[in-house]
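Notes follow the structure.
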Amino acid sequence: MKPVDFLNIHPEVKEALAGNKPVVALESTIIAHGMPYPQNVQTALEVEAIVRENGAIPATIAVLDGKLCVGLNREQLEMLGNSTGVWKVSLRDLPYVVSNKIAGATTVASTMRIASMAGIRIFVTGGIGGVHRGAETSMDISADLYEMSQTSVAVVSAGVKSILDIGLTLEYLETGGVPVVTYGQDDFPAFYSRFSGYKSPLRLDSPETIAGMLRAKWQMGLSGSVLIANPVPASMEVPYERMEIFIQEALKDAGEQKINGKNLTPFLLKTIAEKTGGESLSTNIALVKNNAELGARIAVSYYQD
Ligand code: PSU
Ligand code: MN
């Protein structure tokens with residue numbers, strides 16, 4: 001078999017990587033399946049702009065025309081956000097969508113792997129997948145967690161959504177050797193809410209100290225991710241108790257409609273957005289932007305020394 005180059009790295013990203021300049025990877029499932037149009041495309045563009053304002057080059061990742069694309073143009077973002085039939089692509093789906101040239105939006109797991117192939121070390125998202133509530137019988141544990149135990153790309157997120165079992169997700173990360181560090185507070189955040197009721201395993205208060213920890217981990221030869229949890233800004237949070245009511249309802253709807261597998265997370269996000277009358281969507285947008293700023297600042301510090 002002849003070797004094939006599956007990567008299609010945008011020239012600007014390629015140049016930055018060659019010059020050891022900060023690059024921040026971004027996922028595309030959040031665009032295609034995490035938010036409605038047109039807020040999804042609008043947010044994707046704003047997030048890229050925030051990464052730039054903070055000194056790094058954004059590289060949004062997706063699978064298009066049989067290639068693992070690292071860095072997308074506006075037209076590609078628009079297509080991902082406003083077409084039906086774009087696949088939600090996790091790690092297991094990559095060979096199928098590549099060989100069949102299906103348009104695919106990448107999850108945390110597949111984005112991490114492609115970022116790693118391209119040589120990118122820092123990745124910004126909204127929330128990671130995790131251990132679902134009831135996983136002791138459904139075995140629904142996101143491939144994101146397994147990927148984080150293996151692939152050396154740091155993930156900046158707003159913590160873990162309470163549609164998941166936050167306690168079990170933290171346990172799984174511990175088993176996988178993934179450090180979990182919260183930025184600027186002792187409590188681990190719960191995506192829409194600043195507080196989850198769980199203490200964060202670790203805390204750091206500056207992008208520089210976080211970058212230092214990443215360097216220490218990987219220079220020691222410890223492979224795998226670091227989960228950086230960045231609490232949503234206080235002015236934009238939906239308090240945990242209020243969110244819990246909507247989440248319980250959404251989980252009940254999912255059960256009644258027998259939603260499972262890869263459709264569950266998008267279903268829950270959509271149902272919650274509807275039930276909160278768009279409030280959860282504004283929070284989601286705010287926290288992704290907040291993560292983009294922190295991720296870019298970590299990348300700048302990481303690539304400085
Ligand atoms: N959480 C969000 N928005 C999202 C996702 C999670 O708030 O869009 C997406 C991410 O791409 C994540 C994926 O990697 O859902 C997890 O899906 P699953 O639980 O099926 O592994
Ligand atoms: Mn799942």
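Keep in mind that this is a model prediction, so the values were computed, not measured. Atoms within a ligand are numbered from 1 in the order they appear, just like the ligands themselves.
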Original post:
Which protein residues have a heavy atom closer than 4.0 Å to any atom of ligand 1, listed by chain and number?
Top reply: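 Residue list for ligand 1: Glu27, Thr29, Ile30, Gly34, Lys88, Thr107, Val108, Gly127, Gly129, His132, Ser142, Asp144, Lys161, Phe191, Thr265, Leu269.
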Original post:
Between Gly177 and Lys217, what is the shortest heavy-atom contact and its length?
Top reply: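 Heavy-atom minimum between the residues: O-NZ, 3.4 Å.
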**OP:** Might you point out which heavy atoms bring Thr29 and Val89 nearest each other, and give the distance in Å?
**Re:**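 Answer, listing the atom of Thr29 first, then Val89: OG1-N, 4.5 Å.
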Subject >> Under 3.5 Å side-chain donor-acceptor pair for Thr106 and Ser110 >> reply: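 No donor-acceptor contact under 3.5 Å links the two side chains.
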**OP:** Output, in order, the C-alpha distance, side-chain angles, deciding distance and verdict of side chain to side chain contact (heavy atoms under 4.5 Å, CB included) for Met243 and Thr276.
**Re:** CA-CA 9 Å; Met243 207 63 224; Thr276 61; 4.1 Å; yes
Original post:
In terms of the angle between their ring planes, are Trp218 and Tyr302 parallel, tilted or perpendicular, with boundaries placed at 30° and 60°?
Top reply: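 Ring orientation, 0 to 90° scale: perpendicular.
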**OP:** Following the transitive rule for hydrophobic clusters with a side-chain heavy-atom cut-off under 4.5 Å over Ile, Leu, Val, Met, Phe, Trp and Tyr, establish whether Leu94 and Ile9 coincide in one cluster.
**Re:**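 In one cluster: yes.
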Subject >> For the Mn ion (ligand 2), every protein N/O/S atom that sits closer than 2.8 Å, waters excluded >> reply: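 Checking every protein N, O and S atom gives Asp140 OD1.
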**OP:** Identify whether NZ of Lys or CZ of Arg in Lys275 sits under 6.0 Å from the centre of the six-membered ring of Phe246 and within 45° of that ring's axis.
**Re:**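 Output no; distance or angle outside limits.
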**OP:** Please determine which of Glu48, His10, Glu27 meets the side chain to side chain contact (heavy atoms under 4.5 Å, CB included) test together with Thr60.
**Re:**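 In the set Glu48, His10, Glu27, the residue that makes a side chain to side chain contact (heavy atoms under 4.5 Å, CB included) with Thr60 is Glu48.
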Subject >> Test item: Val47 and Thr43 side chains (from C-beta on) under 4.5 Å apart, heavy atoms >> reply: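 Touching, per the 4.5 Å side-chain cut-off.
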